[in-house]
Every structure is written in C-alpha cells, then in structure tokens.
Protein chains: 2
Amino acid sequence: MREFYTITELTREFGISTRTLRFYEDEGLIAPVRRGRTRLFRPGDRHLVKQILRGKRLGFSIAEIREIIQMYKTPPGEAGQLRTIIDRVEEKRAELRQKRKDIEDTLAELDQVEETCVNRLAELRVAS
Amino acid sequence: MREFYTITELTREFGISTRTLRFYEDEGLIAPVRRGRTRLFRPGDRHLVKQILRGKRLGFSIAEIREIIQMYKTPPGEAGQLRTIIDRVEEKRAELRQKRKDIEDTLAELDQVEETCVNRLAELRVAS
DNA sequence: GGAAATTCTTACGTAAAAGTCAATTGACCG
DNA sequence: CGGTCAATTGACTTTTACGTAAGAATTTCC
C-alpha cells in the first residue's frame, strides 16, 4: 500500500474533480496532510473518499455523510457519549434498512415491468 | 378506496408541501385531474407520489425518477421499443443492486462501530 | 534553465429542488 | 351576503454541491 496519493491520482481513480476533493476538505470530511501547500492523501484519506462517494450514491447529503464519518471515528469517550453514539448508529441503521426496503420494492416493480414486456414480445411473435 | 384526495390531504399523509406536489406536476411526474382550477388526486396519483418519494429516498434525481415512472407506464409499443425498455430496466436494476451493496457495506461498518462502543462500555464497567 | 504541467487560493456562477411571499379566486357556512 | 378558509398562479429566494475562471506558486521534464 502506497504512502501518499496526489490529488489528481484520486480524481482519476474515483472519477471526480479536484474541486470536489477540495470541497470535501473545506466541509471537514477529509483532512489530507500537506507538503508545503500541496495536499498529500494517505490511504486513510483515500478510504474516507470511498465512504463519502458511497454515501453520495445512497442519496445522503454532505451533512449526513459528515455525521456518519464522525461515527466511524469513535472517540475514546465516556459512557454517556458512547451510548449516544450507539443510539445514533441505530438511527442510521434504521434509515439504511428503509432504503434497502425501498430498493427491494423498486426491484420488484421493475421485475413486473420486464415480465409485462416479455409477455408482449411473446404475443407479437405468435401474431406474426 | 377513495375516489379523490385534495392536495393538503396528500401533503399531510406524506409530510411534503403543496409547493412540492405542484412542482412534481410541473415536472410531469404526476397529472392530477381538475375540478375548475383545483387539483383532484386519484388513487393512481397518490401511488405515483409514493413512488416518487421512494425514488427521492434512494437519491434519484427528478429526471431519473421520471425515467423510472415512464417505465412503469409500459406502452403497448412495438418489439424494438419493448426491448429498449427491457434494457433500461436492466440498467436500473444494476444501479439498484449497487446501492444495495453500498447499504450492506455501510451497515457492516456501523456494526463495527457499535461493537467497538459496546466493548469500551464493558471495559468501563470493569474498571469501576 | 525555461517551458509546460500541476497545484494552490479566491471568488463568482449555476442547476436542481424546493421554500416563501403576494395577489387572486373560488367554495362553503351561518 | 360577508367572511374566512383552502387552493391557485407567478415571481423571487434559498440551499446544496459543486463548476469555472483567474492568477500565483511549485514542480517536473527536456
């Protein structure tokens, strides 16, 4: 595993722009180190970018993604804080399960659509 | 099943604004009938709204939702068109399967977070 | 060592998806 | 018939998530 990635290496790997990565840094989602003014992305930063893009695909806003990322960085914290985190984790899981159900429902309806199409095609073949 | 719903009935049921429903109409996602200038939503319109909101939860844009909705309205079409639809259905399914995988991955990471928290809580209890 | 490429900051622009506000217009109720 | 409540259209505003452009500083390559 490489020690550092340049910004354009990551933009190419993930198909995003430099503007986007800098924006994510402004938003506090990633914090690459610097050599002079130039950003150096560590493997951990790269993994964060993956998680961010995964969140985006699922329709989470930057603010929501920031919350999720903060969960990943579980701080040593005291008991009350730990329980708060556990609660938030459960909330996010509920959201994700809802999305998963939405997906299953949509997939089922698309199956229906395809079946209808296939049947009509069969009818067309019989009629010809 | 009721014949018609008013706009505010639907806004209350789904927790959205009248502006939103009118916006969806402008965008061609729904087409409620009119009594004078007032919109009357039929059960079919209501179901469409459900599908739209499901799409939104999954992070689809209005344009993408419009595409999906058009698939549901499978037209009688000729063979070539039917095959085009089948192809598009398969594309959407691929997208949905990607999202489902993203969800599974995120859920797994959240499980990890929770486990870490629970373990630390246990340590705290031992130390006390 | 000079040109070309990469990176940086700063700032303004924009598309999508509504929110908000204003001015009407019916529709119903006592 | 007067009032009030719900609905409509139209215009302007806002927020999010970047795009784009300008100009300076580095770095890299021949």
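Reminder, nothing fancy here: chain letters follow the sequence lines and each chain counts from 1.
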Charged N to carboxylate O under 4.0 angstrom, E95(B) versus K92(B)?
yes
Answer with yes or no whether R39(B) presents, from its side chain, a donor or acceptor under 3.5 Å of a partner atom in the base of dT8(D).
no
How about Y72(A) and Q112(B): do any of their side-chain heavy atoms sit closer than 4.5 Å?
no
In this structure, how many angstroms lie between the C1' atom of dT15(D) and the CG atom of D26(A), rounded?
17 Å
Using atom CZ of R35(A) as one end and atom P of dT7(C) as the other, report the distance to the nearest whole Å.
11 Å
Using atom types as modelled and distance alone, determine if a side-chain donor or acceptor of R2(B) lies under 3.5 Å from a backbone N or O of F4(B).
yes
For R12(B) and for E25(B), locate the closest nucleotide of DNA chain D by heavy-atom distance; then report the residue assigned to the nucleotide nearer the 5' terminus.
R12(B)
Identify which nucleotide among dT9(C), dT7(C), dT25(C) has an atom closest to any side-chain atom of R37(B), counting heavy atoms from C-beta outward.
dT25(C)
I'd like to know if D26(A) and R22(A) make a salt bridge, using a cut-off of under 4.0 Å between side-chain N and carboxylate O.
no
Tell me: CG of L40(B) to P of dA6(D), nearest whole Å?
17 Å
Taking any heavy-atom pair under 4.0 Å as a contact, classify T18(A): base, sugar-phosphate, or nothing.
nothing
Under 4.0 Å: is that the gap between some side-chain N or O of T6(B) and OP1 or OP2 of dA6(D)?
no
Roughly how many Å is it from CD in E27(A) to C1' in dT16(D), rounded to a whole number?
9 Å
Judged by each residue's nearest nucleotide on DNA chain C, which is more toward the 5′ side, I62(B) or T38(B)?
I62(B)
To the nearest angstrom, the CG-P distance between L21(B) and dA17(C) comes to 15 Å
Here the distance between atom C1' of dT7(C) and atom CD1 of I7(A), to the nearest Å, is 8 Å
Tell me, do D45(A) and L10(A) make a side-chain contact under 4.5 Å, heavy atoms counted?
no
Base, sugar-phosphate or nothing for R22(B)? Non-hydrogen atoms, less than 4.0 Å.
base
So, are E104(A) and K101(A) salt-bridged, with charged N and O less than 4.0 Å apart?
no
According to a 4.5 Å side-chain heavy-atom criterion applied to Ile, Leu, Val, Met, Phe, Trp and Tyr, with indirect links allowed, do L96(B) and I65(B) form part of one hydrophobic cluster?
yes
N/O (side chain, Y24(A)) to phosphate O (OP1/OP2, dC18(D)) under 4.0 Å
yes
K50(A) and E109(B) ion-paired at < 4.0 Å:
no
Comparing R19(B) with T8(B), nearest DNA chain D nucleotide closer to 5' gives the residue T8(B)
Using a cut-off of 4.0 Å on non-hydrogen atoms, how would the nucleic acid contact of R34(B) be classed: base, sugar-phosphate, or nothing?
sugar-phosphate
Just to be sure I understand the geometry, which residues of residues 41-60 of chain B put a non-hydrogen atom under 4.0 Å away from DNA chain D?
none
Using whole Å, report how far CZ of F23(A) lies from P of dC18(D).
6 Å
Tell me: CZ of F14(B) to P of dA18(C), nearest whole Å?
15 Å
